[in-house]
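Comments concern the structure below.
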Amino acid sequence: MRAALWLLALFGIAVASALFAGNNQGTVTLFWPPYRLDLSLNMVLLLLALGFVTLYAALRALAALLALPHEARRWRLQQKERAMHAALMDAVAQFMAGRFLRSRKAALAALAQEGALAQAGEAVPHGRQLRALAHLVAAEDSQALQDRTQREHHLERALEHAPQHGTAHEQELREGIQMRAARWALEDRDARTALQWLASLPQGAARRTLALRIKLKASRHAHQTQDALDTARLLGKHRAFSAAAAQSIVRGLAMELIDGAHDPAQLQQVWQSLENSERAMPELAVHAAQRLASLGGERALVRHWLLPAWQQMVDNPGALAGPHALKLVRALEAGLDALDAPWLARIETAAQANPRDARLQYLAGMACLQRQLWGKAQQLLTQSTQQLQDASLRRSAWQRLAELAEQRGDGHAAAQAWKSAALAD
């Protein structure tokens, strides 16, 4: 469509020119005494047009000739900038390929090129960012080469060229440099320095997933379990780990907190500081209850903490892993002497509802033995010995059966029970 309009316009101009030139009878007379020159108006207009075109072309040629030194200078500057950027890209590529010496050499070459441009008065607009990035690459190479002196030198220079109150890009670059410095400190097993670098980050940057990952590792190395637990919770909310991995990390850190308690009051504070979802973890509840019992805590509180895990074990016998179920049975067995009526009813009901669960039969038998219900205890313990997989529980059951046989005066049964207890391993 545009070509058609241009064609129509050219035709219009040609027709108008033909009409004007064909019927134009005007003349132009030039007087130069004693001469007189008569020219047609069309010729004068044509000469003026040709003169204008010639003058314009001459001026353009003169301008191009005068601009040659500037163009040559701009071309040389462009080549130097390209060489500078090529050196920086080569440094990054060599670093990713594991050629750290070559990478550092290329980064220093990029810095030299930028410095030469700056001294010549042709500094690039993004020179500070480029210098900071080149120093960062050189610091990365020095860290890989275990050259800490050079690493610290390039780190300081990188921070100088990425000021804290600079542009948005410079601030982001500075945050990246600080995160890398924190990771280097962590690789050097200097957890406190890593935490100091993370603390210097702005609040928004400190809550990024990368910063939180570094903080989690540093807190664990520094044995700051509470901070590590809080960080693991944030990472779980940010979905930095899978659900299973996040739960495992939180559970492990919570267990460390529980193990760090030195008296029942401190342990109760730790337990209350945990979230509801964490206190509902059977493994964590069993571990906390065992720790409370070992510290001489109230037996009623121990059983209260064990109640969710017990309920889960009864409702779904396979839901609680074998080692944790064994810990639960052992924890309840340790407090059978102070067991109240509701818990006795729970144990008895669970044993009746799950006759194939040898662990429940064993626990019910031990409860009956504690209440001096000898016959029922013997029946339940005898049933449990046939199915118990854990050697320690099976040995304990046989020992109790041997003691019951000795109380009855049945020496043969007692000997057989002691022999079975000795072979339980």
Side-chain angles (χ1 to χ4, degrees), residues 72-164 166-190 193-194 197-198 200-202 204-206 208-218 240:
R73 179 184 179 187
R74 190 167 64 89
W75 181 83
R76 290 192 299 269
L77 176 62
Q78 187 180 48
Q79 293 301 111
K80 291 180 180 179
E81 288 184 3
R82 287 180 178 177
M84 176 183 63
H85 289 98
L88 183 58
M89 289 189 293
D90 182 54
V92 175
Q94 296 289 355
F95 172 75
M96 295 178 66
R99 296 180 177 272
F100 304 118
L101 283 173
R102 294 186 181 182
S103 175
R104 186 165 65 178
K105 184 178 179 181
L108 294 177
L111 288 170
Q113 289 280 358
E114 198 280 331
L117 288 174
Q119 289 179 0
E122 301 291 346
V124 294
H126 52 282
R128 287 204 305 183
Q129 298 178 40
L130 189 141
R131 288 194 297 271
L133 189 58
H135 280 296
L136 177 60
V137 174
E140 287 278 11
D141 296 322
S142 301
Q143 171 66 15
L145 295 169
Q146 297 297 312
D147 189 350
R148 296 180 182 176
T149 303
Q150 286 297 317
R151 184 196 72 186
E152 292 300 321
H153 167 71
H154 288 294
L155 175 59
E156 291 177 2
R157 297 299 303 276
L159 290 174
E160 288 177 5
H161 297 302
Q164 187 172 3
T167 63
H169 293 294
E170 290 173 346
Q171 291 179 7
E172 291 177 356
L173 182 56
R174 183 181 181 86
E175 293 167 4
I177 295 171
Q178 290 172 321
M179 289 186 189
R180 296 308 303 170
R183 182 175 288 276
W184 297 334
L186 190 60
E187 291 176 359
D188 294 340
R189 297 187 179 278
D190 189 355
T193 302
W197 278 113
L198 293 175
S200 64
L201 288 171
R208 294 173 189 165
T209 301
L210 177 60
L212 291 176
R213 285 179 179 272
I214 300 174
K215 184 177 180 181
L216 175 60
K217 295 180 181 179

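Residues take their numbers from the sequence shown, with the count starting at 1. The model shown is predicted, which means the values in this text are computed figures rather than measured ones.
We find the CG-CG distance between Leu216 and Leu186 to be 10.0 Å, quoted to the nearest 0.5 Å. Note: His85 NE2 to Glu114 CD = 9.5 Å, rounded to the nearest 0.5 Å. Here the CE-CG distance, from Met84 to Leu130, works out to 5.0 Å after rounding to the nearest 0.5 Å. Summarising the geometry, atom CZ belonging to Arg82 is positioned 13.5 Å from atom CD belonging to Gln113; distances are rounded to the nearest 0.5 Å.
Taking all atoms of both residues into account, the shortest heavy-atom contact from Ala218 to Ala194 is CB-CB, 4.1 Å. When all heavy atoms of Leu201 and Gln178 are compared, the pair lying nearest together is CD2-OE1, 3.1 Å. Across every non-hydrogen atom of Arg213 and Ala240, the tightest pair is NH2-O, 2.6 Å. Closest of all the heavy-atom pairs between Ala110 and Leu88 is CB-N, 3.9 Å. The two residues Ala162 and Ala132 have their closest heavy-atom pair at CB-CB, 4.2 Å. For Ala107 against Ala134, the heavy-atom pair with the smallest separation is CB-O, 3.7 Å.
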Assess whether side chain to side chain contact (heavy atoms under 4.5 Å, CB included) is satisfied between Ile214 and Trp197, documenting all intermediate values. CA-CA 10 Å; Ile214 300 174; Trp197 278 113; over 6 Å; no

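Arg157 pairs by the side chain to side chain contact (heavy atoms under 4.5 Å, CB included) definition with His135, His153, Glu160, His161, not counting sequence neighbours. Here Gln143 pairs with Arg151, Glu187 under the side-chain hydrogen bond (donor to acceptor under 3.5 Å, both in side chains) rule; sequence neighbours left out. By the side-chain hydrogen bond (donor to acceptor under 3.5 Å, both in side chains) test, Arg99 is found to be paired with no residue, residues two or more places apart in sequence or in another chain being considered.
Proximity of Glu81 to Leu77: side-chain heavy atoms (C-beta onward) are separated by under 4.5 Å at one or more points. Looking at Lys105 and Gln94, their side chains never come closer than 4.5 Å, going by heavy atoms from C-beta outward. With contacts defined as side-chain heavy-atom distances shorter than 4.5 Å, the pair His126/His169 does not qualify. Side-chain atoms of Asp147 and His154, non-hydrogen and from C-beta on, never get closer than 4.5 Å to each other. Taking 4.5 Å as the limit, every side-chain heavy atom of Phe100 sits out of range of all side-chain heavy atoms of Glu140. In this structure, Arg183 and Leu210 have side chains that are in contact, with non-hydrogen atoms separated by less than 4.5 Å. Annotation: side chain of Arg148 is in contact with side chain of Asp188 (closest heavy-atom distance under 4.5 Å).
A donor-acceptor contact shorter than 3.5 Å links the side chain of Arg174 to the backbone of Leu159.
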